[in-house]
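Basis for what follows: all heavy atoms, side chains included, without hydrogens, waters or symmetry-related copies. Treat the numbers as computed from the prediction; the structure is a model and nothing was measured. We number each residue from 1, following the sequence as shown.
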Amino acid sequence: MAQSSNNAVGVDNTFRRKFDREEYLQRAREREEKEKEGRLKHKLKGPPVQRKPLKHRDYEVDLESRLGKTQVVTPIAPLSQQAGYYCSVCECVVKDSANYLDHINGKKHQRALGMSMRVERASLEQVRGRFEVLKKQKTSGSFTEQDLDERILKQQQEEEERKRQRRERKKEKKKEKVAEEETEMDPDVAAMMGFGGFRSSKK
């Protein structure tokens, strides 16, 4: 009886998966056709976009305008009003100044501005022209030792003025404190309680 049940007709007991070769061949052919079409589309797109070379930044990077200020941050506020540094080109918020500088000098930001990360090679004439401009700036804005001495004197005078104002403020505070102590307690009450003899004669 047990022997007949083991040799049951129509039962696959090999436990091996059998693949349909025709089906998988068909799938492979379809995949190859899709890849060929993708390659053809990529070739038909045309030449890659020529980006401009990197240029010198013509604006000042504002890192200190919000320094030391408190701000209420809400989750529904627009990106430009959230905490951190907002990049209007990429529409993103960066949390600190170091990462913000990395972002505006990075590839993603420069691509959004239409520039590649390559620097334009300067010609000899451009270098000479730049040297001439710098020479003119140096001669027009050159300062002598006399200018330096004047600046040092001015700085010393400002420092002395600041010290004098500080001393005056301290004296005023001291006077106010003494006046407050005198008005706090009635002299008759102080004498009755025996506090009159403790105060020094110095003021």
**Message:** Are Lys173 and Lys170 packed together at the side-chain level, in the sense that at least one heavy-atom pair is separated by less than 4.5 angstrom?
**Reply:** no
**Complete:** When rounded to the nearest 0.5 Å, the distance separating CE of Met117 from CG of Leu54 is 5.5 Å
**Prompt:** So, for Ala83 and Val93, which heavy atoms are closest and what is the spacing to 0.1 Å?
**Reply:** O-CG1, 3.2 Å
**Message:** Quick check: do Cys90 and His103 have side-chain heavy atoms less than 4.5 Å from each other?
**Reply:** yes
**Asked** With distance as the sole test, does Gln126 use its side chain to make a donor-acceptor pair with the main-chain N or O of Ser123 at under 3.5 Å?
**Response** yes
**Item:** Donor-acceptor under 3.5 Å (Gln110 side chain, Ile104 main chain)
**Value:** yes
**Item:** Asp62: side-chain contact (heavy atoms from CB on, under 4.5 Å) partners, not counting sequence neighbours
**Value:** Ser65
**Message:** Less than 4.0 angstrom from a charged side-chain N to a carboxylate O is my criterion; do Arg27 and Glu23 meet it?
**Reply:** yes
**Message:** Whether Glu32 and Arg29 form a salt bridge (side-chain N of Lys/Arg under 4.0 Å from carboxylate O of Asp/Glu) is what I want to check.
**Reply:** no
**Complete:** Separation between NZ (Lys163) and CD (Glu160), nearest 0.5 Å, reads 7.5 Å
**Message:** Could you check whether atom CZ of Arg66 has more than 12 heavy atoms from other residues, nucleotides or ligands sitting under 6.0 Å from it?
**Reply:** yes
**Asked** Counting only heavy atoms not in Arg57, do more than 12 fall under 6.0 Å of its CZ?
**Response** yes
**Message:** What's the separation between atom CG in Asp149 and atom NZ in Lys154, rounded to the nearest 0.5 Å?
**Reply:** 14.5 Å
**Message:** Is it the case that atom CD in Gln165 sees more than 12 heavy atoms from other parts of the structure closer than 6.0 Å?
**Reply:** yes
**Request:** Using modelled atom types only, decide if a donor and an acceptor are shared between the side chain of Tyr85 and the backbone of Leu63 within a distance under 3.5 Å.
**Result:** yes
**Asked** Between Lys34 and Glu37, is a salt bridge (charged side-chain N to carboxylate O under 4.0 Å, His left out) present by the stated rule, with each step listed?
**Response** CA-CA 5 Å; Lys34 282 181 184 174; Glu37 286 173 12; over 6 Å; no
**Message:** Any heavy-atom pair between the side chains of Met115 and Arg51 that's under 4.5 Å?
**Reply:** no
**Message:** Take a 6.0 Å sphere around CZ of Phe131 and say whether it holds more than 12 heavy atoms from other residues, nucleotides or ligands.
**Reply:** no
**Prompt:** Which one of Arg162, Gln156, Gln157, Gln155 satisfies the side chain to side chain donor-acceptor pair (under 3.5 Å) criterion with Glu159?
**Reply:** Arg162
**Request:** Decide side chain to side chain contact (heavy atoms under 4.5 Å, CB included) for Glu158 and Glu161; before the verdict, give the C-alpha distance in whole Å, the side-chain angles of both, and the deciding distance to 0.1 Å.
**Result:** CA-CA 5 Å; Glu158 286 174 2; Glu161 182 65 26; 5.6 Å; no
**Asked** Is there a donor-acceptor contact under 3.5 Å from the side chain of Gln82 to the main chain of Ala77?
**Response** yes
**Message:** Taking Glu168 first and then Arg164, would you say they form a salt bridge - that is, a charged N and a carboxylate O separated by under 4.0 Å?
**Reply:** yes
**Message:** Within the 4.5 Å heavy-atom criterion, are His109 and Val89 side-chain neighbours or not?
**Reply:** yes
**Prompt:** Between CD of Glu132 and CZ of Arg128, what distance do you get to the nearest 0.5 Å?
**Reply:** 9.5 Å
